[in-house]
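What follows is one structure encoded as structure tokens, with my remarks underneath.
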2 protein chains.
Amino acid sequence: MAASRRPTLADVAREVGVSAKTVSRVLNEDGPVSARTREHVLAAVAELGFQPNLMARNIRVGGPDTTIGLVIPDLANPFFGAVARGIEDTVRDRGLTLLMGSSADDAERERALTAQFLARRVSILIVVPSVGADHSDLKSHRTAGLPVVFLDRPGVGMSTDSVVSSNRAGAQEGVAHLIAHGHRRIGFVGDLPVKLYTRRERLAGYRAALREADIPYDRSLVVSAHDQQGAEAVTAQLLERPDPPTALFAGNNIMALGIVAELARSKRKHVAVVAFDDVSLAEALEPALTVVAQAPEEIGRSAATTALARLDGDRSRARTITVPTRLVVRGSGEQRVREGGR
Amino acid sequence: MAASRRPTLADVAREVGVSAKTVSRVLNEDGPVSARTREHVLAAVAELGFQPNLMARNIRVGGPDTTIGLVIPDLANPFFGAVARGIEDTVRDRGLTLLMGSSADDAERERALTAQFLARRVSILIVVPSVGADHSDLKSHRTAGLPVVFLDRPGVGMSTDSVVSSNRAGAQEGVAHLIAHGHRRIGFVGDLPVKLYTRRERLAGYRAALREADIPYDRSLVVSAHDQQGAEAVTAQLLERPDPPTALFAGNNIMALGIVAELARSKRKHVAVVAFDDVSLAEALEPALTVVAQAPEEIGRSAATTALARLDGDRSRARTITVPTRLVVRGSGEQRVREGGR
DNA sequence: TTGAAAGCGCTAACAT
DNA sequence: ATGTTAGCGCTTTCAA
């Protein structure tokens, strides 16, 4: 039951009666090896259950490791899950494996993760930057040839490739949709912290839509929450005011869940809703939820493709890729302005 | 712009005018170092932007790498996202980082991923086994001290710790709920392939509930699909038959999405539904969706805890941990048996 | 076609 | 308090 030492190249070599280098040659299909020794080596490898130590190999070869470091806020958020899948699908052909960690949107945890990934000599670093994180320390690595891509939000302290959604335009389109259906008092339920890039951009889109329609901006209609429960609470508060909004705009998928849950709970079907980011079952709700859909997998693929191009020597200027959003009209944005019930 | 070589321990040592070992001592807070040299070393480290090579360190130290390998079917499935979060939360304190890959439920991809993880000398291996995968090759690693835990489904070809939901009992409880509300023709919409452990167990629970109520098993009421779209299609077909079921049981979260979407599309509100696994917005649907809720984060935590215990020397017999499900009654299971509309 | 020696970046074990 | 030597498991280089 004792933890017996894992077999090494040398063990296999000894077993067969050849040099370590010969075994190495067989395994890497490097130089020429006679068919006979090849057989023997392979047999010994199978028998001993030898598995080459990738770290040792990497040390010697010197290049970056065949891993890609990915820092996202939350593994359990479906948006980032889809992003991760897009990335994995794109890099798999290149033999890269995903090293992942969630930052919980905490700058310190993000820093610890990136440091760890750098120490592991990842081939690529893809980061969803937390509020307050500074990325100046990544600069030198980028100059040294490490592709760094910021995702969902631009980074701070260095200029590098970023992939973001068309947050402002998308939000503006979503809010305009509400306005087109007669709404003039539109609540904005955003996530926290308020300095979050996506929140600011989407709020800017909201304000632009109001401006476009000559609707004065009412600060009191903008509320915030950390999670779904929080969103439910602020939604309830907003609607219980003497002058409640007739429509709500959700700043992200989690806020959307909160709004929808609260409206269902309180049976306020007459409140119009448009959400930024799609959620599952949106079309099965009553009314079906109109959303400004993002393309999370495409965002992931795009980030990965950009990084791979850098890895292949692309030295062009840092780009910001904007992945377009799409207004998916399903009904919830067209609720009547006046009158309750259906 | 050329990729300048990353600085090494030796570079730092040369810069300060000390030996490599001294630098190592400072960084690992090993043996005694004078405050002065400490300062100097730290300064040089910062200036050169030195980041110790974790792989080199690991090679020398010989122990397993501080990574945990995780193979799941799909990164974008919220169930597995939550599982992953549970795992990460549990192992973070121990300084372990997640190495993840999705198998797409393909035995060959699963094998390639585990091989890669083993080659990286992960500290722990957690796998959601694909249908048709054989895990005999992991046996020797487990004996050699590598904690291997199967998650969501038991493995094949070796006995080791597994963490699963109470699939059979949960499904039985869910179907019994439908029967209690007068349903006798209950459709089962399951995922594929049919040999999938969770599907078989849940189907067994479905049959047990029928048996308990003396309802004959009608094979034609059991249908299958690969994804949400497929589930929508088979749901539609099932309900368009001359003798349609009055209730449906969803075999997993994806099937649930398909059923709910199809019922909403075709406005068949009178069909009762209970789903295995919870989905977001379940409570906002009309009727709200009754589910047999799993505890994905708990499953992840449980798997991680078990693995860590093994890492700490626990040599007791392999366990199968069953994480209980919970019937969450929300309404959709109580639809009337006869009569359409509300 | 094969092997011996050196070395990747780091640390364990022993000096000093 | 610091340095030296050797070696982790592998590959590169050069020689046979």
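We name chains A, B, ... by the order of the sequence lines, and we start the count at 1 in each one. All values reported here derive from a predicted model rather than from experimental measurement.
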Roughly how many Å is it from [atom1] in [X] to [atom2] in [N], rounded to a whole number?
X      : N     : atom1 : atom2 : result
B:R6   : C:dC8 : CZ    : P     : 17 Å
A:R121 : C:dC8 : CZ    : P     : 15 Å
A:R120 : C:dG9 : CZ    : C1'   : 15 Å

Would you say that [X] contacts [Y] through its side chain, given a criterion of any heavy-atom pair below 4.5 Å between the two side chains?
X      : Y      : answer
B:T198 : B:D152 : yes
A:R6   : B:H141 : yes
A:T67  : A:F117 : no

### Residue pair B:S102 / A:R92, side-chain donor-acceptor N/O under 3.5 Å
no
#### Entry: Atom of B:A303, atom of B:L151 and distance for their closest heavy-atom approach
CB-CD1, 3.6 Å
### Sub-4.0 Å heavy-atom contacts from residues 39-67 of chain A onto DNA chain C, ordered by number
A:I59, A:R60
### Task
Please work out which residues in residues 19-30 of chain A have a non-hydrogen atom less than 4.0 Å from an atom of DNA chain C and list them by number.
A:S19, A:K21, A:T22, A:R25
### Query
Closer than 4.0 Å, any side-chain N/O of B:T37 to the OP1 or OP2 of D:dA1?
no
### Query
Are A:E298 and A:R301 ion-paired here, with the side-chain N under 4.0 Å from a carboxylate O?
yes
### Query
Hey, is B:E108 close enough to B:R111 for a salt bridge, meaning N to O under 4.0 Å?
yes
### Query
If you round to the nearest 0.5 Å, how far is CE of B:M55 from CG of A:N58?
4.5 Å
